[in-house]
Amino acid sequence: MNENIRIQNNKVGNMLAKGIRVLTVPPLLVSSMLIILAVSLDSFCDSAAQMVLAIVLLGFLPILAYPIQKLLPTKGEVREEQRNIAFVLTFTGYLTAFILAVAGNCGRELRYIIISYFISMICLLFWNKVLHVRASGHACSVTGTLYFLSYFLGRQAVLPCICIAIAVVWASLRLKRHTIQEIFWGAAVCLPCILLSVFVL
C-alpha cells in the first residue's frame, strides 16, 4: 500500500513539474509578460501593431521550434533538436526585434525589454559555446521576465514572481532538466545584461 502511494505521489509530482515547465517555457512566459505590462502600463507601447510585432518576434517565432521539429526527420535526440531549432528561431526573432526597437520609434519600456533579451541571448551563446559553461536558457528567460514584472509593477508583483521562480527551480531539478549550477549561471548571465541594456537605450 505504501509503495503504491509513493508511486502515485511520484507520478503526480512529475506531472506537476512538467506542467510548470510547459507554462513557463520562455516564449509563453515572455508573451504573457508583454500582455500583462501592456494592459497595466499606459505608456508601455506606442501602438497595438507594435505590441503584436513584439509578441510575434519574442514569443510566437521561438515557440515554432516544437511543431517544426516534429515535421522534420529525427536524426538525434529530440530535445536537443528542439533546442537547436529554438535557438535559430529565437536568434532570428530577437535580432529582428532588436533592430526594429533601436532603429524605430519604440516605447522606452518595451525597448528596454527587447534590448535586454537580445543581449542576454548573445551572452548565453558566449557562455555555452565559447566558455563551455552550461547556463540554463530557461532560467535566464524566467529571471528576466520576473525582474521586469517586479520592476514595472512594483511590490505587488514581487511575491508572485518569487513563487514562480521557486516553482521553476523545483520543476527543473525534479525532472533533471538542469542542475542547480546551470540554473544559477542562467540567472547570473541575465542580471548583468539587464543593467548593460540601460546604456543602449
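When reading the values below, keep in mind they use all heavy atoms of this one structure, side chains included, and skip hydrogens, waters and symmetry mates.
In this structure, I115 and L196 have side chains that are not in contact, with every pair of non-hydrogen atoms separated by 4.5 Å or more. Between F44 and V39, the closest side-chain pair of non-hydrogen atoms is not below 4.5 Å. A 4.5 Å side-chain heavy-atom check between T92 and L57 finds every atom pair outside the cut-off. Put simply, the side chain of M33 reaches to within 4.5 Å of the side chain of I113, judged on heavy atoms. In this structure the side chain of H138 never reaches within 4.5 angstrom of the side chain of R177, judged on heavy atoms. Residues I194 and Y112 meet the side-chain proximity criterion, which asks for heavy atoms closer than 4.5 Å. In this structure, Y117 and T145 have side chains that are in contact, with non-hydrogen atoms separated by less than 4.5 Å. Proximity of M121 to F91: side-chain heavy atoms (C-beta onward) are separated by under 4.5 Å at one or more points.
Clustering ILVMFWY residues whenever any of their side-chain heavy atoms sit less than 4.5 angstrom apart, transitively, puts V102 in the very cluster that holds I114. Connection of F184 to I162 is not established within any shared hydrophobic cluster, with ILVMFWY side chains joined at heavy-atom distances below 4.5 Å, either directly or through further cluster members. Hydrophobic clustering (ILVMFWY, side-chain heavy atoms < 4.5 Å, transitive): L100 and I55 are in distinct clusters. Cluster membership for V22 and M15, using ILVMFWY side-chain heavy atoms within less than 4.5 angstrom, is not shared. Note: the hydrophobic cluster containing I35 also contains L37 (ILVMFWY, side chain heavy atoms under 4.5 Å, direct or indirect links).
V189 approaches C123 most closely through the heavy-atom pair CG1-CB, 3.7 Å. Residues L29 and L23 approach most closely at CD1-O, 4.4 Å, considering heavy atoms. Contact record, S120 with C140: CB-SG, 3.9 Å, taken as the closest heavy-atom pair. Considering every non-hydrogen atom in both P27 and P62, the closest pair reads CG-CB, 3.7 Å. Nearest heavy atoms, S141 versus P26: OG-CB, 3.3 Å. Between L124 and S136 the shortest heavy-atom distance is CD2-O, 4.4 Å.
At distances below 3.5 Å, not a single donor-acceptor pair connects side-chain atoms of S172 with backbone N or O atoms of V169. With hydrogens and angles ignored, the 3.5 Å screen pairs no side-chain donor or acceptor of H178 with any backbone N or O of G137. Side-chain atoms of N128 come within 3.5 Å of backbone N or O of A135 as a donor-acceptor pair.
Separation of atoms OG (S197) and CZ (F98) is listed at 10.0 Å; rounding is to 0.5 Å. A distance of 8.5 Å separates OG1 of T24 from CG of L28, quoted to the nearest 0.5 Å. Put simply, OG1 on T90 and CG on L58 are 9.5 Å apart, with the number rounded to the nearest 0.5 Å. Taken from CD in E109 to CG in L34, the straight-line distance is 12.5 Å, to the nearest 0.5 Å. Separation of atoms CD1 (I20) and CD1 (I164) is listed at 10.0 Å; rounding is to 0.5 Å. Note: L53 CG to C45 SG = 11.0 Å, rounded to the nearest 0.5 Å.
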request  = Check the pair F148 / S116 against side-chain contact (heavy atoms from CB on, under 4.5 Å), numbers first and verdict last.
outcome  = CA-CA 10 Å; F148 284 120; S116 295; 3.4 Å; yes
ask   = side-chain contact (heavy atoms from CB on, under 4.5 Å) between L61 and T96: does it pass, once the steps are laid out?
value = CA-CA 11 Å; L61 189 61; T96 305; over 6 Å; no
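Only one option out of V25, V168, V30 pairs with V142 in a side-chain contact (heavy atoms from CB on, under 4.5 Å); it is V168.
Sparse packing is recorded around CZ of F60, with 12 or fewer heavy atoms of other residues, nucleotides or ligands lying under 6.0 Å away. By the 6.0 Å contact criterion, OH on Y151 is open, its count of non-hydrogen atoms from other residues, nucleotides or ligands being 12 or less.
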